[in-house]
K.L.:
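Shown below is the structure under consideration.
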Amino acid sequence: MSRILLLLATSTYRAEDFLDAARQLGVDVPVGVDGSQALAELVPETTLELDLSDVEAAVGDIVAYAARYPLSAIVSAEDDGSIVAAAASAALSLPQNSAESVALARYKHRMREALRRAGVAGPGFRVFTFEDEPAAVAARVDYPCVLKPVFLSASRGVIRADDEQEFVEAFQRIVAILGSPDVVARRDDAGNLILVEDFIPGAEVALEGVLTDGELRALALFDKPDPLDGPFFEETLYVTPSRLPQTDQDEIAGCVAATARALGLRHGPVHAELRINDEGIWVIEIAPRSIGGLCSRALRFGAGISLEELILRHAVGLPIDDLTRESRAAGVLMIPVPRAGTLREVRGVGEAEAIKGIRGINISVPIGQGVVPLPEGHQYLGFIFASGEGPEEVEMALRKAGEKIEILF
């Protein structure tokens, strides 16, 4: 039986879906978790404790584990484990991206530098440290601009500024985020850097794909119908198939393929976010992983298999050529955190589930847990899923369902 080591962060949404996929596929999927796990000593063959922030140590632990329990592949579900997965795969001669290419994608400033060298369209950018004087820096940039930490994900710490005062306020907020305990624990040499990019207007899309020997196969292209103009960049709606002209869709896929080549990415899933306007297509982000949160539940391929199963099949070399996305339109609404507080109750779930086209609602934050909105926060309250004959129908169902949900703090 094939054995795939799955790397997960302790705060992951993804474990259940990957483990369900493993059972469907009939492969053994032990879990490498960032942090201490009570069951690790009792079931060492299925659970491996790792420090994903210490690449050398984590790779050593994985190599030692593989000596006892041979591995067929290593898959990271999130950004935090991507470099470890690549480096450990290289040490074990398993198929993966190189650690260097993953690091280019992982750190936003390095990605920008690599794409500029390769001639891939992207926003103008500058890099500062959080020790720089924000007022002095603010006088040296163009507006509007977007400030962001170079290594965080899920739009955490991403803030638009339209003038010098807003820049100073955004800079100071990001410095505070980089000083929060959970971020400090993950920081490395790039942890004191702030990337400042030109704001790129236009419609935003997300492409889900998989690379095999450097060739990209586009699996799904999501429209993001809600404008993402700032000051924060909280994502809400994802709907597929895209309503863009096919020529634009083909150009987007070509842009993602060029971006992957520029970074040296050659193997496994990719999730890319791009903007399209009258001047062309612009790469905003690319990551060597699949879509985050529970959003993958909006996708089904072939005879109904999940994105996670497709990724596991690809990881062990099983064919995926015949696994096209289902013909029906689908989408997800990420329920945003409206304000900071302790979640007391979520009302209207039953009414939302009764709306035509809604196929599931998952409230992912437990009652009684504290939540923080963007840009300081990094989680959603839950996810609403829909399917229908066309993307317009799916979008309407998701919007109606979202209106039924009432959050009480």
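Computed from a prediction, not measured in an experiment: that's the story for all the values here.
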K.L.:
With a cut-off of 6.0 Å (strictly less than), are more than 12 heavy atoms of other residues, nucleotides or ligands near CD of Glu345?
P.N.:
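Counting neighbours around CD of Glu345, more than 12 heavy atoms of other residues, nucleotides or ligands fall under 6.0 Å, so yes.
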
K.L.:
Rounded at 0.5 Å granularity, tell me how far OG in Ser296 sits from CD in Glu308.
P.N.:
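Answer rounded to 0.5 Å: 3.5 Å.
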
K.L.:
Give a yes or no on whether Gln165 atom CD has more than 12 heavy-atom contacts from other residues, nucleotides or ligands under 6.0 Å away.
P.N.:
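At most 12 heavy atoms, drawn from other residues, nucleotides or ligands, come within 6.0 Å of this atom.
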
K.L.:
Counting C-beta onward and ignoring hydrogens, is there a side-chain heavy-atom pair between Pro149 and Leu178 closer than 4.5 Å?
P.N.:
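In short, these two side chains touch, coming nearer than 4.5 Å.
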
K.L.:
Can you confirm whether Arg112 sits close enough to Pro123 that some side-chain heavy atom of one is under 4.5 Å from a side-chain heavy atom of the other?
P.N.:
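In contact.
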
K.L.:
Applying side chain to side chain contact (heavy atoms under 4.5 Å, CB included) to Leu7 and Leu5, what does each step give before you reach the verdict?
P.N.:
CA-CA 6 Å; Leu7 303 187; Leu5 179 64; 3.8 Å; yes

K.L.:
Report the residue from His267, His314, Arg217 that forms a side-chain hydrogen bond (donor to acceptor under 3.5 Å, both in side chains) with Thr212.
P.N.:
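Result for side-chain hydrogen bond (donor to acceptor under 3.5 Å, both in side chains) with Thr212: His314.
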
K.L.:
Do the non-hydrogen side-chain atoms of Tyr380 and Thr236 ever get within less than 4.5 Å of each other?
P.N.:
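The answer is no, as the side chains (C-beta and beyond) never meet within the 4.5 Å cut-off.
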
K.L.:
Might you work through the side chain to side chain donor-acceptor pair (under 3.5 Å) test for Asp20 and Gln24, ending with a clear yes or no?
P.N.:
CA-CA 6 Å; Asp20 284 346; Gln24 292 292 326; over 6 Å; no

K.L.:
Take atom CD of Glu215 as the centre, draw a 6.0 Å sphere, and report whether it contains more than 12 heavy atoms from other residues, nucleotides or ligands.
P.N.:
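No, because the 6.0 Å sphere around CD of Glu215 holds 12 heavy atoms or fewer from other groups.
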
K.L.:
Using a strict 4.0 Å threshold on nitrogen-to-oxygen distance, state whether Arg106 and Asp80 make a salt bridge.
P.N.:
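Yes, Arg106 and Asp80 are salt-bridged.
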
K.L.:
Please name the pair of heavy atoms, one in Arg325 and one in Pro241, separated by the smallest distance, quoted to 0.1 Å.
P.N.:
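It is NH2-CD, 3.5 Å.
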
K.L.:
CD/Glu285 to CZ/Arg275 distance, rounded to the nearest 0.5 angstrom?
P.N.:
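One finds 11.0 Å between CD of Glu285 and CZ of Arg275.
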
K.L.:
Is it true that Glu235 and Ser155 share a donor-acceptor pair across their side chains at a distance under 3.5 Å?
P.N.:
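Side-chain D/A pair, Ser155 to Glu235: absent.
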
K.L.:
Closest approach of Phe233 and Leu228, non-hydrogen atoms and distance?
P.N.:
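So the minimum-distance heavy-atom pair works out to CE2-O, 3.4 Å.
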
K.L.:
Is it true that Arg243 and Glu395 make a salt bridge, defined as a side-chain N closer than 4.0 Å to a carboxylate O?
P.N.:
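Answer for the salt bridge query: yes.
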
K.L.:
Can you confirm whether Ile407 sits close enough to Val346 that some side-chain heavy atom of one is under 4.5 Å from a side-chain heavy atom of the other?
P.N.:
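They are in contact (side-chain heavy atoms under 4.5 Å apart), so the answer is yes.
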
K.L.:
Below 30° counts as parallel, above 60° as perpendicular, anything between as tilted: where do the rings of Phe383 and Phe385 land?
P.N.:
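It falls in the parallel class, under 30°.
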
K.L.:
With sequence neighbours excluded, tell me which residues meet side chain to side chain donor-acceptor pair (under 3.5 Å) with Arg160.
P.N.:
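In terms of side chain to side chain donor-acceptor pair (under 3.5 Å), with neighbours along the sequence ignored, Arg160 is linked to Asp162.
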
K.L.:
In terms of side-chain geometry, is the basic nitrogen of Lys224 or Glu273 positioned less than 4.0 Å from the acidic oxygen of its partner?
P.N.:
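Here Lys224 pairs with Glu273 in a salt bridge, since their nearest N and O are under 4.0 Å apart.
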
K.L.:
With under 30° as parallel and over 60° as perpendicular, where do the rings of His271 and Tyr238 fit, or are they tilted in between?
P.N.:
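If you compare the ring of His271 with that of Tyr238, the planes turn out parallel.
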
K.L.:
Is there a side-chain contact between Ile4 and Asp28 (heavy atoms, below 4.5 Å)?
P.N.:
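Side-chain contact under 4.5 Å: no.
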
K.L.:
Going by heavy atoms in the side chains, are Phe167 and Arg140 under 4.5 Å from each other?
P.N.:
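Result no, sub-4.5 Å side-chain heavy-atom pair not found.
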
K.L.:
I'd like to know whether Val175 forms a side chain to side chain contact (heavy atoms under 4.5 Å, CB included) with Ile194, so could you lay out the CA-CA distance, the side-chain angles of the two residues, the decisive distance to 0.1 Å, and finally the verdict.
P.N.:
CA-CA 9 Å; Val175 169; Ile194 297 175; 4.2 Å; yes

K.L.:
Taking NZ, NE, NH1 and NH2 as the nitrogens, is one of them in Arg156 or Asp182 under 4.0 Å from a carboxylate oxygen of the other?
P.N.:
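A salt bridge is present here (some side-chain N lies under 4.0 Å from a carboxylate O).
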
K.L.:
Can you see which heavy atom on Arg313 is nearest to which on Pro319, and at what distance?
P.N.:
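Closest pair (atom of Arg313, atom of Pro319, distance): NH2-O, 3.1 Å.
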
K.L.:
Using the ring centroid of each side chain, check whether Phe171 and Phe128 are separated by less than 6.0 Å.
P.N.:
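Between Phe171 and Phe128, the centre distance exceeds or equals 6.0 Å.
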
K.L.:
Hey, could you give me the CG/CG distance between Asp61 and Leu50, rounded to the nearest 0.5 Å?
P.N.:
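That separation rounds to 6.0 Å.
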
K.L.:
For the residue pair Ser82 and Val102, what are the closest heavy atoms and their distance?
P.N.:
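Heavy-atom minimum between the residues: OG-CG1, 3.4 Å.
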
K.L.:
Any side-chain heavy atom of Gln379 sitting closer than 4.5 Å to one from Ser364?
P.N.:
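No - every pair of side-chain heavy atoms lies 4.5 Å or more apart.
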
K.L.:
Mind checking the CG-NZ spacing from Leu152 to Lys108? Nearest 0.5 Å is all I need.
P.N.:
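Rounded to the nearest 0.5 Å, the CG-NZ separation comes out at 6.5 Å.
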
K.L.:
Is it true that Arg173 and Glu169 have a side-chain N and a carboxylate O under 4.0 angstrom from each other?
P.N.:
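Salt bridge flag = no for Glu169 with Arg173.
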
K.L.:
For Tyr107 and Ile83, work out which heavy atoms get closest and say how close.
P.N.:
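For Tyr107 versus Ile83, the nearest heavy atoms are CE1-CD1, 3.9 Å.
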
K.L.:
Start with the C-alpha gap between Val137 and Val168, add the side-chain angles, then the distance that decides, and say whether side chain to side chain contact (heavy atoms under 4.5 Å, CB included) holds.
P.N.:
CA-CA 8 Å; Val137 172; Val168 171; over 6 Å; no

K.L.:
Would you indicate whether the side-chain heavy atoms of Asp223 and Leu244 approach each other to under 4.5 Å?
P.N.:
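Answer yes - side chains close enough.
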
K.L.:
Let me have the donor-acceptor pairs involving side chains of residues 288-295, under 3.5 Å, with sequence neighbours excluded, atom names and distances please.
P.N.:
from: Arg289; atom 1: NE; to: Asp79; atom 2: OD1; distance (Å): 2.8
from: Arg289; atom 1: NE; to: Asp79; atom 2: OD2; distance (Å): 3.2
from: Ser290; atom 1: OG; to: Arg14; atom 2: NH1; distance (Å): 3.2
from: Ser290; atom 1: OG; to: Arg14; atom 2: NH2; distance (Å): 3.1

K.L.:
Identify every side-chain donor-acceptor pair in residues 326-342 under 3.5 Å, counting partners at least two apart or on other chains, and give the distances.
P.N.:
from: Arg328; atom 1: NH1; to: Glu389; atom 2: OE2; distance (Å): 2.7

K.L.:
Looking only at non-hydrogen atoms, find the nearest pair between Ile74 and Leu94 and report the distance.
P.N.:
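Closest approach of Ile74 to Leu94: CG1-CD1, 4.1 Å.
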
K.L.:
For Val196 and Phe125, what are the C-alpha separation, side-chain angles and deciding distance, and is it a side chain to side chain contact (heavy atoms under 4.5 Å, CB included)?
P.N.:
CA-CA 5 Å; Val196 179; Phe125 67 95; over 6 Å; no

